[in-house]
Amino acid sequence: MTVTLADVAARAQVSPATVSRVLNGNYPVAASTRERVLRAVDELDYVLNGPASALAAATSDLVGILVNDIADPFFGIMASAIQSEVSGPGGRAGGERLAVVCNTGGSPERELTYLTLLQRQRAAAVVLTGGAVENPAHLAAVSAKLRRLADAGTRVVLCGRPPAPDTSAIALTFDNRGGGQELTEHLIGLGHRRLGYIAGPEERTTTRHRLEGHRAALAVHGIEEDPRWTVYGRYDRRSGYEATLELLRRDPSLTAVVAANDSVAIGACAALRESGRRIPDDVSVAGFDDLPFSVDAWPSLTTVRLPLAEAGARAGRIAMGREEPPPGGIATARGELMVRGSSGVPRK
């Protein structure tokens, strides 16, 4: 059943004219009234009619790209590759598409808000990048938003993100488990048995998958994991620095630190140096993603290279209808282990 402006007015206990003023932004409205109206719009999932030209077509020329943090090269690389495939002719009447990068800041609420806004604008396509938040209520809400977008004619692609059950969204995923296991296998092969692990945010799928790979490698080699060896934090340098100091406080005898990503690994290296440890002589370090600065670090980072640009470009082509989706709507890309100076040589 289609939600009308009158339904929103009834829910917010205001007149339809007030709802119109709030949504159009062309007349002063009290802050408390505005908040009630916007809450009602969100609760009822009301879609504001766009320009007549957008109504005449199933969708507009807008393409939304959702990222957690545009300042993080992981997301910046994918967003840039997606945008490069969106740019150029292909819109209605042969016009250009407009790609808009929506920075959620890692906020689940902001992610839902952007999806609602893109639905109201009748976006031609929406690409969601990076790991998902593992909260059942949030996952259900996202799936509902994605279904509504698809029903309205919007192409939905997930890039570097697990499939969304009960939706038609195309998923281009990364094998984070396999990469995490291969990375830790490499360090174990060098003789390490006491490995600290700096994980990302505990609620993120990427965090869980990479940590599962790490733990799988420990189990294969009969290494019992000490609970003290894992610290959770953000995907940034400061988190890596602080987490490494905490790991050294818990167990000064660690001989290797595995980081959730390369930014975290850079912070870990700084903390180790300040603590008087040499890399890799005293402690080996490994990251994940193979971000552009990794090869220029000193020593250069051992890491797992993910095909971020390739996946982003493919997501953009699928979103624009210029490439067929993978069989079954899901494709998984494996990472490549990049062995460099930070992991060192076999230990005596």
Side-chain angles (χ1 to χ4, degrees), residues 45 47-68 70 74-104 110-132 139 141-174 307-333:
D45 203 32
V47 179
L48 176 65
N49 286 342
S53 58
L55 293 174
T59 58
S60 69
D61 289 333
L62 179 69
V63 176
I65 304 170
L66 272 68
V67 302
N68 285 350
I70 194 60
F74 177 90
F75 294 101
I77 291 169
M78 284 193 290
S80 177
I82 295 166
Q83 191 165 7
S84 70
E85 295 293 335
V86 169
S87 301
R92 291 177 296 114
E96 294 263 352
R97 297 281 193 189
L98 173 63
V100 176
V101 177
C102 306
N103 192 63
T104 69
R110 200 68 196 150
E111 182 175 67
L112 291 173
T113 298
Y114 279 131
L115 290 175
T116 298
L117 292 171
L118 290 166
Q119 182 189 356
R120 291 177 193 163
Q121 295 299 319
R122 302 176 183 270
V126 173
V127 183
L128 294 86
T129 64
L139 290 174
V142 169
S143 291
K145 296 285 187 186
L146 299 186
R147 286 193 295 271
R148 292 190 187 103
L149 282 162
D151 289 344
T154 299
R155 291 193 183 94
V156 180
V157 183
L158 311 177
C159 185
R161 187 179 179 115
D166 303 319
T167 74
S168 59
I170 306 302
L172 306 180
T173 70
F174 297 132
L308 301 175
E310 294 85 347
R314 188 180 185 188
R317 291 192 298 272
I318 293 172
M320 293 297 94
R322 293 201 298 270
E323 180 175 325
E324 287 296 315
I330 302 173
T332 301

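Contact check for Thr129 versus Ile82: side-chain heavy atoms found under the 4.5 Å cut-off. Looking at Leu66 and Leu128, their side chains come closer than 4.5 Å, going by heavy atoms from C-beta outward. Between Thr113 and Cys102, every side-chain heavy-atom pair lies at or beyond the 4.5 Å cut-off. Residues Cys159 and Ile65 have side chains not in contact (no heavy-atom distance under 4.5 Å, counting atoms from C-beta outward). Side-chain contact check for Pro307 versus Arg314: every heavy-atom pair is 4.5 Å or farther apart.
Paired with Gln121 under the rule side chain to side chain contact (heavy atoms under 4.5 Å, CB included), one option of Leu62, Asp61, Thr154 passes, and it is Leu62.
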Which pairs of donor and acceptor atoms, one on a side chain in residues 162-169, lie under 3.5 Å apart (sequence neighbours left out)?
from: Thr167; atom 1: OG1; to: Ala164; atom 2: O; distance (Å): 2.8
from: Thr167; atom 1: OG1; to: Ala169; atom 2: N; distance (Å): 3.3

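A pairwise comparison of heavy atoms in Glu111 and Val142 identifies OE1-CG2, 3.6 Å as the closest pair. For the pair Val127 and Ala315, the tightest heavy-atom approach, listed with the atom from each and the gap, is CG1-CB, 4.2 Å. For the pair Ala313 and Ala81, the tightest heavy-atom approach, listed with the atom from each and the gap, is N-CB, 3.5 Å. Residues Arg317 and Glu85 share a closest heavy-atom pair of CG-OE1, 3.1 Å. For the pair Gly130 and Phe75, the tightest heavy-atom approach, listed with the atom from each and the gap, is CA-CE2, 3.7 Å. Across all non-hydrogen atoms, the minimal contact from Arg161 to Gly131 is NH1-O, 3.9 Å.
Checked against side-chain hydrogen bond (donor to acceptor under 3.5 Å, both in side chains), Glu310 has no partners two or more places apart in sequence or in another chain. With sequence neighbours left out, Thr332 forms a side-chain hydrogen bond (donor to acceptor under 3.5 Å, both in side chains) with Thr173.
For Thr104 (side chain) and Val67 (main-chain N/O), a donor-acceptor pair under 3.5 Å exists by modelled atom type. Remark: side-chain polar atoms of Arg148 are not paired, donor with acceptor, to backbone N or O of Ser143 under 3.5 angstrom.
Residue Glu324 holds its CD atom at 9.0 Å from CD1 of Ile318, rounded to the nearest 0.5 Å. Interatomic distance, Gln83 CD to Leu98 CG, rounded to the nearest 0.5 Å: 8.5 Å. To the nearest 0.5 Å, the span separating OG on Ser60 from CG on Leu118 amounts to 9.0 Å. To the nearest 0.5 angstrom, Thr116 atom OG1 is 6.0 Å from Arg120 atom CZ.
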